[in-house]
Structures are given as structure tokens and as C-alpha cells.
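Only one structure is covered here, and it is reproduced in the block below.
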Amino acid sequence: MKRFATILALVVAVAAQNASAQTLKAVKDRGMLNCGANGTLAGFGLPDAQGKWTGLDVDFCRAIAAAVLNDAEKVKFVPLSAKDRFTALQSGEVDVLVRNTTWTSSRDTSLGLNFTGVNYYDGQGFMVRKALKVNSALELNGAAICVQQGTTTELNLADYFGANKMQLKTVTFATANEAVKAYDAGRCDAYTTDASALYAERLRVTNPNDHIILPEIISKEPLGPVVRHGDDQWFDIVKWTLFAMLGAEELNISSKTLDEALKSTNPEIMRFVGTEGNYGEQLGLTKDWAVRIVKLVGNYGESFERNVGQGSPLKIERGLNKLWNKGGIQYAPPIR
Amino acid sequence: MSSELSARARPAQVVFYNDPKFRSIAYQLVLCAMVAFLVYGAASNAIDNLARSHIASGFGFWNSTAGFDISQTLIEYSPRGSTYGRAFWVGLLNTLLVAGLGIVFATILGFIVGISRLSRNWLLAKVAGGYVETIRNLPLLLQLLFWYNAVLKALPDIRESIAIPGGAFLNNRGFFLPLPVSKSGFGAVEIALLAGIVAAIAFYVWARKRQERTGQQAPVLWVTLALLIGLPLAVFVLTGFPLGFEFPQAGRFNITGGVEVLPEFAALLFGLSIYTAAFIAEVVRAGILAVSRGQSEAAYSLGLRPGPTLRLVVIPQAMRVIIPPLTSQYLNLTKNSSLAVAIGYPDLVQVFTGTVLNQTGQAVEVVAITMLVYLVISLATSLLMNIYNSRMALAER
């Protein structure tokens, strides 16, 4: 029902109103950022028992709110399923979609949306029961596989099995919750999704130690924030929020070392914290926009470790998501 | 009425815009034009805005490669070799399959329960009443989730499948049956079946005519059964059992071969049938109660036993009351089948409004097509039921 309401809203929105280009103003007027989030994925977007949202994607939304509204709590998280997420963004129900969404050419060009960058480099993997004695995804010929609908995962799965001439039996569910539950009940031999999510979902099955994650990564899944096409200012703000989080880590500015950074005479740091230049104002924000992000949320490394890394139950290695100068591919253009 | 008015107005020679006939037509034309303009304006504005925000529009996606797999396909379908259009037909057929079978099962169960509720047997009537009151008052979505989880949790894992004598397997991946494969000579059996059907119809017509003429009853049921089952069976035996079976085999992961009934399908069919049957039972009960008691008393006094009384006197009259609400129950069942999305059955909404919409991003087109399809299915069902209703209506003399 909610889905149809959203679609109806989209139809009404496209039929009645001109494409608006004033997201920043709307967010400021509202005093609240509407952020499309996952809602069921530990490490990326999940409300805890007190209703407080946590996760890497959630932190990113808070960082935008910190930069724009100077308050990381002024975010309304809208939980979206994979198949409803783009409609919700297109219709204006959310200002930004940060929901472990893979950047692909068709999503970028034909949905009226823009990806602003990559906040997590991921790849698709498989989880199976240990008892099956499967050591490689290539041994899954004829296996029944549970998958979430409306994802790149669903497509990669068909591609991978087709390319390797293997028989496939897909069982598709609207939400990851249902797919994992069905896998846990024995409906499928394997569950497939992005590797990061596999670690999170493994903790939810009845007996996590009975399940293993196969070594193959069968696809590139660059996950990133998405905004509506046609509002370049908002696009820049979301894009540079990510760069600020990455840049802060590169400059060793964390929520703990921020005070020293504010007194620094290193020109790079001075430009970052706004003691030199007016880079924040060029974005349509204030001089201290990046300071707000680091102070209220933290840098990329802090957010990563506390949500998905060693400080979290998931204990995922940084891998590709290390900074470019530490062996990864996360890279932020300079602020100047 | 209006002709009378205009007839009276004519001698006075009123100006044409005061003519009520002209006015009513003019108002309706203006209204139609306004509605048409509104629809046109909304549509062209939508197309305009979609283009401006770079959202793809049009039906070009119909022939693009789908790229995703579907768990139950009644027609040939493969992720790489099939289009979104093909996926649409797969989803539509899955919807029609579950709706069609659901209607049949719900009708049978509903009639049984509805009649049982009026039974003089206290236990039977109370059980039927309990069934209706429980099922009717719980949300369907909840029931579907219940049945799906009941199916998954109660049945054994694939490696501990229950083997059913005759080569079938039952486990939490579904119900696997041997697939009949016809061998040479099976054509004779088919011809025998066809001949049996023709003969049964001919016998029915003859028996009816004779009964109208002489009042003698013929054993129609037994003769029909003999013609429909006995004749083909006899030919089947005589031609030396020209039928083989493809048995399901346990593979590395799954059971392959044979016919597979998915648990998602079973749960949806079960849930829909049981839920709608509760409503149909009430419709049937209401219909029977609407036939006055005098009718069955008259039938008894003519010496009819309770069975024929129900079949020949009560039900035909009750049908007139039953059919219109029954039609709306059929429509409900068909539309409710879209709840399949909650338990992973690949119906039209799950496949087309789910995956296809998401992959193509063309919400307006995809939702419009889906709505149109449901409209066509529902109108077709209504039409058939209306034809049936007019045949059942009391012929007034």
C-alpha cells in the first residue's frame, strides 16, 4: 500500500510540479534532512532498540545534516526497500538516498538520478551452510539461491551462472529480511548479496557458525549516495560531504584531534577547517562546514571502524576502502 | 419526460439555449471536454517533466533483455535470452494460474462450508461457523505469512525429503511429482477421452429429453463417469499403457526433473482459497436462507429427498442471490493474489511492478500497464459471471 502511495506521489509530482532545483533551501526551511536509508542492514543502516539509527550510510546522512544544519540529529530516516528506493527519491520523499546502492550506468543516466561518489567499495558474494561442503561459488551448479528483488545482485547472479554454464534456481524476495529468513529456513542452498551485507546477515541466522561466506567476489559493487538529477548545488554538497570525511582522515583530523587542527598552521589543514579561504561559502554553506562534519560525526575512518570495522560486531577489513595512500582506492580531491 | 417538456416548449418558441434538451447535451459536452483536457494536460505535463528530469519514458524497455531469473515460469524464459515483455507474460500467467485455481478451490470449499453451516448436525454447523468467523476476521497478509512459514518450518530439509510412494518427494523446497510423458499410442487414449466427452453430453441431452417426456430418470452421473473415466482407461489398458514418467531425481543440491510445486505457490494458493472460501461460505448461506422455507417444504411434500431438494429446488433459486456477491469475491481473490509479493511468489506485481520497474525505473508506464491488466482481468471475470447470472435468472412468464 505504501508503495502505491509512493508511486502515486511520483505521478502527481511529475504531473503537477516542475523539477525543483532548490533542495538546499528546502532542507534549511524544513530544518530537517530527509534521508532514504536501509533500515534492516546492520553496519549500514539500522535503528537500535532505542530507535537510534546507526551505520556507515546513516553516519553519512548525519554528516550532510551536520554540514547544512549544524546538527547531526536533524535527520529523518526513511527506511526503504531495494525496489522502492529510486521511486522515493524521484518523487521527492527523500532529499538524498544513502542505502548501499550500487552505482551503475543505467541508474545514473535513465532514472533522473545522480550518484555523488562511492562511500563503500563492495562486491557480491555468497553465503552457504558449512554442511554442504561447498568451497567455491563455481560448485553451486543447480543450487537454489535466495536473493533480494530490485538489486544489481539479482542481475549479477543470472550473469554469473549463465557465464559459467551453471543451472540456477532463484527464489526472489521483496526485502532482505524475508530472503534471509527463507535461506535460514532451508528454502535455499545459498544467500547472495554484497559481501559487506553478508557479514551482517550472517549474524542474524539461527546459528552463524554453521554458515560460511565463499571466497568469490563475482561483481564490482561501488555503493554510493544518490541525489536527484538537476540540482547541481545539492549534488556538490553531498559529493563534498564524502570528500570532507575522506579528506579529514587523510589529514589526520578526527573528532578527537579537531581542536589541534583548528590551531594548525598547515595551509592544507587551514583550508579544510576554514581558517583560510571561503571554500564552504562557495558550496552555499558556512566556512566551518567540514569542521561541523568531523566534530559531529567524525572522519571516514572513524565512521568505518565504529560501524563495520574492528569496533563493530561485523569486523570487516578495510580492504579497498583504505585511503589511496594506504593501499586502498578511497581518494578525495583537494580542497582549495 | 424531456420530450414532453420540449413538446410543450415548442409553441412558445423559446431561444435554443433555454431548451432543456440542448442544455443537458451542452453541459455534458463541456464536462467531457474539460475532463479530456485535464487528462491530456496531466499526461503531457508528466511526459515533459520526466524528460526534463532525465527519467526515461516510453515503452522501449519492453524489448530489452531482462537479465534476471524467475523461479516459476509456465512459458520458456531465460535471464539472458528473454525480454522484459516476456517477463511480463510470465508474471501474468503466474497470476492467472494462482487466481484460476484459487477460484475453483475457494468455490468448492466455500459451498461445502456454507451448506455445512446450515446443517442440522450440531458439530458440523459449529465447526463451519468457527472456520468462517476465524478466517474472515484475520488479515489476509498475516495468513499468507503464516501459511508460508508453516509450510517452510513444518516440512523437512531437502536432504531428508519425505519420499511418497510412486516417486514423489515432499520437502521445504516444494512438492516434486513425476511428470507424465506420453509414448506412441497415447493419441488413442486422447481420442477415447474426446469421444467420451461427446457421448456424455449426448447422453445427458437424451436423458433430459426423456425425463421431460416420460418422467423417468436415467443414471446420468454413473454413465457420465463411465464415459469420461472408464472409456479412456479401457483404451489405455488395451493399447498397453502408453505413458511413461519422468521421475524427480535427487541432485547435488536440489531435486531435478518432474513437476515442481513451489512452496510459495502452495502457500499463496492455500491462503487465498481458505480466506476467500470463508466469504463465499457466507454468501452461500445467505443465498440459501433467502429461499423461503415453503419451497423446501413443498419439495418434501412432493416426496423429494433432502439431497435432490437442495440440488433441484433450493440451490437454483439461491444462485440468483449468490452470483452477484460471488463475482465480487472472485474479483477480490484475483486482486488479493498480488500479495504474493510478500512471500516471494513471482506473480505479475512481484515480477513486473517489482523487478522490472526497479531495473527500468519507468514507474509510470509499468504501473499503468499493471493497472490496465488487473482491470481487464476483473472486467472479463465480471462479464463471464454476468452472462452466467442472466442464464440463471428466474425466467419470468
Side-chain angles (χ1 to χ4, degrees), chain A residues 3-4 7-8 10-11 13-19 82-87 90-91 106-107 109-113 131-132 139-147 149-151 154-155 157-159 161-162 167-174 178-179 181-182 185-190 228-230, chain B residues 41-50 52-56 61 66-71 78-81 145 148-149 152-153 155-159 171-174 251-254 256 260 262-264 341-344 346 350-351 353-355 357-364 366-368:
Chain A
R3 174 174 174 66
F4 270 95
I7 289 170
L8 196 69
L10 171 71
V11 173
V14 292
Q17 140 228 90
N18 288 333
K83 62 175 189 146
D84 294 340
R85 54 188 160 177
F86 301 121
T87 321
Q90 287 167 338
S91 67
S106 68
R107 286 174 175 179
T109 55
S110 74
L111 298 183
L113 306 176
L132 278 179
E139 294 169 30
L140 287 174
N141 190 4
I145 302 195
C146 283
V147 65
Q149 197 180 23
T151 54
E154 198 183 358
L155 300 174
L157 180 67
D159 281 356
F161 273 67
Q167 286 291 318
L168 170 66
K169 281 183 171 225
T170 323
V171 190
T172 320
F173 294 89
E178 288 157 8
K181 227 192 284 169
R187 177 68 185 87
C188 303
D189 299 299
R228 273 184 298 282
H229 191 102
Chain B
S44 63
N45 210 359
I47 292 168
D48 227 45
N49 283 330
L50 285 173
R52 194 173 316 140
S53 40
H54 293 265
I55 298 177
F61 70 89
F68 61 92
D69 192 34
I70 302 177
S71 60
S78 71
R80 301 297 330 154
L145 291 174
Y148 185 53
N149 286 307
L152 283 193
K153 294 268 153 57
L155 290 171
D157 196 68
I158 184 115
R159 264 149 283 275
N171 57 47
N172 63 6
R173 302 267 173 91
R252 165 82 170 90
F253 294 104
N254 278 304
T256 53
E260 183 181 357
L262 295 178
E264 291 83 28
V341 75
I343 56 170
Q350 208 242 14
V351 171
T353 326
T355 306
L357 191 161
N358 182 280
Q359 307 288 14
T360 63
Q362 294 186 242
V364 178
V366 168
V367 173

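All chains are named by letter (A, B, ...) in the order of the sequence lines, taking the proteins before the strands, and each is independently numbered beginning at 1. The figures here come from the full heavy-atom set of this structure, side chains too, leaving out hydrogens, waters and symmetry mates.
- Judged as a salt bridge (charged side-chain N to carboxylate O under 4.0 Å, His left out), and not counting sequence neighbours, Glu178(A) has no contacts.
- Shown here are the side chain to side chain donor-acceptor pair (under 3.5 Å) partners of Thr360(B), two or more places apart in sequence or in another chain: there are none.
- Ile55(B) contributes atom CD1, which lies 7.5 Å from atom CG of Leu111(A) (distance to the nearest 0.5 angstrom).
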Item to complete: Decide yes or no on side-chain contact (heavy atoms from CB on, under 4.5 Å) for Val351(B) and Thr172(A), but give the supporting numbers first.
Response: CA-CA 9 Å; Val351(B) 171; Thr172(A) 320; over 6 Å; no
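- If you take CZ on Phe68(B) and CG on Leu157(A), they are separated by 12.5 Å, rounding to the nearest 0.5 Å.
- The pair Asp159(A)-Arg80(B) meets the salt-bridge criterion, with a side-chain N (NZ, NE, NH1 or NH2) lying under 4.0 Å from an Asp/Glu carboxylate O.
- In plain terms, the two heavy atoms of Thr355(B) and Gly150(A) that are nearest each other are OG1-N, 4.3 Å.
- Comparing Pro79(B), Ser44(B), Gly174(B), Pro263(B) by heavy-atom pairs within less than 4.5 Å of chain A, the highest count is held by Pro263(B).
- The structure places CD of Gln149(A) at 9.0 Å from CD of Gln359(B), a figure rounded to the nearest 0.5 Å.
- For chain A, the nearby part of Glu264(B) is the side chain; its heavy atoms alone come within less than 4.5 Å.
- With chain B as the partner, the residue from Ala182(A), Ala185(A), Ala179(A), Ser106(A) showing the most heavy-atom pairs under 4.5 Å is Ala185(A).
- Contact detail for Ala143(A) and Asn254(B): the closest heavy-atom pair is C-ND2, 3.5 Å.
- With values rounded to the nearest 0.5 angstrom, Arg187(A) atom CZ is found 5.5 Å from Leu262(B) atom CG.
- With a 4.5 angstrom heavy-atom cutoff, Cys146(A) does not touch chain B via any of its atoms.
- Phe173(A) and Ile343(B) make their closest contact through CE2-O, 3.8 Å (heavy atoms, listed as atom of the first residue, atom of the second, distance).
- Across all non-hydrogen atoms, the minimal contact from Asp189(A) to Phe253(B) is OD2-CB, 3.3 Å.
- Put simply, the side chain of Asp69(B) never gets that close to the backbone of Ala158(A): no donor and acceptor are under 3.5 Å apart.
- Contact between Asn172(B) and Gly186(A) at its shortest, heavy atoms only, is OD1-O, 3.4 Å.
- Summarising the geometry, atom CG belonging to Asn358(B) is positioned 6.0 Å from atom CZ belonging to Arg107(A); distances are rounded to the nearest 0.5 Å.
- Closest of all the heavy-atom pairs between Ala144(A) and Arg173(B) is CB-NH1, 4.2 Å.
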